[in-house]
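Quick caveat, the model's predicted, so the values are computed rather than measured.
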Amino acid sequence: MPLTLASLVQHSALKLSVRAGEDRLDTPVRWAHVSELADPVPYMEGGELLLITAMKLDAEDPQEMRRYVRRLAAAGVVGIGFAVGVNYEAIPEALVEAARAEDLPLLEVPRRTPFLAISKAVSAALAADQYRAVTAGFEAQRELTRAALSADGPAELLARLAAHVHGWAALYDTSGAVVAVAPEWAARRAARLTPDVERLRERPAPASAVVGGSEDRVELQSLGTGRRARGALAVGTGAPLGTAERYAVHSAVALLTLTTERSRSLHDAESRLGAAVLRMLLDGEAEHARAVAGDLYGPLLEAPFRLIVAEPALPGTAQPQGLALLADAVESAAARAGEALLVVPEPGRLVVLAADGGAAVQACAEHAEALESRRGRDATGPEPDELVVGLSAAAVPSGVAAAFKQADQALAVARRRGRPMVEHEDLAAGSVLPLLADEAVRAFADGTLRALREHDEKGRGDLVASLQAWLSRHGQWDAAAADLGVHRHTLRYRMRRVEEILGRSLDDPDVRMELWLALKATSSPAA
């Protein structure tokens, strides 16, 4: 429990009495400082109890006292201790009135109580509080270690951590998806932090960030010992963490990092086994591949799968980060869905066998869409972490060699067209626009755009036209604004209004896709 002014007033040996600010005695005290300067503010850090005798102050001058007290309060001084019987036999009324006006606690210090006694009391209380915090932190560390070694592992650790900080805790994987959360009621809050976790992941580990929200204060900590984070821990509380709580969080980060790195070593061993299985499949030894795959990859070979080949968009990129990000995305998606997945990192490329129609294939497509969306907004060409991806048609073990060739062909087309991903099945496909003539599609489009059209009909702006121009220019503000003949700031405002009216974010590639199809469906002659 932190030291407060009330604690000092209740200290029987100090004999302090309160002359002003009675309702603010629960304010924590960080230190006690003696200063007879007329302006001690430059030497204050905030949180101090200032001890004075008014040796250099005209404490009977109301105007001077108002200025003096006002500056102290603005500097974060939590109270004034005035020694009587030294320069003044009693606290001057001008100082009392100034303290009351600022609601700043004013304590009367009797002559027989030296300032040194107050400083010692403050120092002893702070040391005792620090000792309690450190002791509680070590106890939390022991408890969290036992939790990490239990059968439930990270889940049990999060539950203990949430109890220690009187809040909630969540664990994220490398893609920013929630792996575990405690208590369960915090799941929705944790899910909303995925964009913040993704931004944290882009920084070299270890990294941390504080996210302030309307409901709580959240600290994010990256997990991992290398430059790339292997996950993240979020801790949500109603107030900043105290010393004991911070010990608990640091212990949790260390334990989860150890768990993550240990899992990474196992993952590397699985990757080597996966590479051997893939080599057998490519050599036409499907039965041998099944035997080696065992329970780890066996389920993947029992149903149709897709073969994915990815390479850096910029040829010759050393240690491409984009390949690692894609691997993390598909592995996390497969783990959440309980799917078997075979990932084989090769020099300069990534090869993946994933269940046809499964979560990993979907995650790959979403990853590519995000890259395409970013490229459309920036219009600066491929970044070092961007990829080209080729996706084969569905295959079985005996057709892996053909699927590998299909994926390579699709990848080559993707590179020529400047697209992040191409599916082999779409290489000969025509335009999708004729498919939008379906009545159900047009009904969906009308419903999606109705609110925007009603807004425009009331003469409040050209939101539909602005949205179509912006989407057609892949989010390039200047080009779209030029098409419309408006300033780009006007276009940005209109896009914010679109988001507010629809209640959806234009940063979401799925939202942009649906809106573009809706615009095409409602503007086509068949509609």
Side-chain angles (χ1 to χ4, degrees), residues 170 172-178 188-203 209 211-214 218 220 229 232 234 313 321-322 325-326 328-330 332-333 359 362-383 385-387 389 418-421 444-445 448-449 451-452 455 461-481 483-484 486-520:
Y172 300 81
D173 62 19
T174 51
S175 72
V178 179
R188 296 185 66 180
R189 293 191 193 180
R192 289 199 294 268
L193 294 175
T194 292
D196 298 289
V197 174
E198 291 175 345
R199 284 190 289 272
L200 185 71
R201 182 187 61 193
E202 295 172 358
R203 297 162 51 189
V211 182
S214 59
V218 181
L220 297 175
Q321 181 184 9
L325 292 176
L326 176 61
D328 290 340
V330 296
S332 298
Q362 178 63 25
C364 181
E366 291 173 355
H367 189 81
E369 286 177 5
L371 290 176
E372 189 162 20
S373 174
R374 187 180 71 182
R375 185 183 300 178
R377 290 195 302 269
D378 297 343
T380 57
E383 296 291 334
D385 65 340
E386 288 193 22
L387 306 173
V389 180
R419 293 180 55 191
M421 188 176 84
F444 165 81
T448 299
L449 300 174
L452 298 182
H455 178 278
D462 299 319
L463 298 187
V464 174
S466 299
L467 176 62
Q468 184 156 8
W470 185 77
L471 290 173
S472 69
R473 287 293 188 174
H474 306 290
Q476 299 178 42
W477 296 104
D478 290 336
D483 291 344
L484 293 166
V486 300
H487 195 277
R488 66 176 181 274
H489 294 317
T490 301
L491 181 58
R492 287 182 184 274
Y493 170 78
R494 291 179 181 177
M495 292 302 96
R496 286 197 297 271
R497 288 290 296 137
V498 168
E499 290 182 318
E500 292 169 0
I501 291 172
L502 297 180
R504 306 180 75 182
S505 172
L506 292 177
D507 288 336
D508 187 335
D510 289 338
V511 172
R512 292 197 299 275
M513 176 192 68
E514 292 177 5
L515 291 174
W516 179 249
L517 292 179
L519 288 167
K520 285 296 184 181

- Query: With side chains defined as the heavy atoms from C-beta onward, is the minimum distance between Leu449 and Leu515 less than 4.5 Å?
  - Reply: yes
- Message: Rounded at 0.5 Å granularity, tell me how far CZ in Arg494 sits from CD in Glu499.
- Response: 15.5 Å
- Message: Could you tell me if the side chain of Val464 sits less than 4.5 Å from the side chain of Leu519, heavy atoms only?
- Response: yes
- Do Leu502 and Leu452 come close enough that some side-chain heavy atom pair is under 4.5 Å? yes
- Closest non-hydrogen contact found for Asp510 with Asp508 is N-OD1, 2.9 Å
- Check whether any side-chain heavy atom of Trp470 lies under 4.5 Å from a side-chain heavy atom of Gln476, and answer yes or no. no
- Query: Are any of the side-chain heavy atoms of Val511 and Ser505 separated by less than 4.5 Å?
  - Reply: no
- Task: Taking the side chain as every heavy atom from C-beta outward, state whether Asp462 and Leu484 have any atom pair closer than 4.5 Å.
- Result: no
- Message: I need the minimum non-hydrogen distance between Gln468 and Trp516, along with the two atoms involved.
- Response: O-CZ3, 3.7 Å
- Non-hydrogen side-chain atoms of Pro509 and Met513 separated by less than 4.5 Å: no
- Query: What is the distance from atom CG of Asp483 to atom CZ of Arg473, rounded to the nearest 0.5 Å?
  - Reply: 4.0 Å
- So, for His455 and Leu463, which heavy atoms are closest and what is the spacing to 0.1 Å? ND1-CD1, 3.3 Å
- Query: If every non-hydrogen atom of Ala469 is compared with every non-hydrogen atom of Ala480, which pair is closest and at what distance?
  - Reply: O-CB, 3.7 Å
- Search all heavy atoms of Ile501 against all heavy atoms of Ala451 and return the closest pair with its distance. CG2-CB, 3.6 Å
- Task: May I ask you to decide whether Arg497 forms a salt bridge with Glu500, counting only side-chain N to carboxylate O separations under 4.0 Å?
- Result: yes
- Query: Are side-chain heavy atoms of Thr448 and Glu514 found at a separation under 4.5 Å?
  - Reply: no
- Looking only at atom types and distance, does a side-chain atom of Tyr172 sit under 3.5 Å from a main-chain N or O of Glu198, one as donor and one as acceptor? no
- Query: Nearest heavy-atom pair of Ala368 and Met421: which atoms, and what distance?
  - Reply: CB-CB, 3.6 Å
- Stepwise side-chain contact (heavy atoms from CB on, under 4.5 Å) test for His367 and Val389: CA-CA 10 Å; His367 189 81; Val389 180; over 6 Å; no
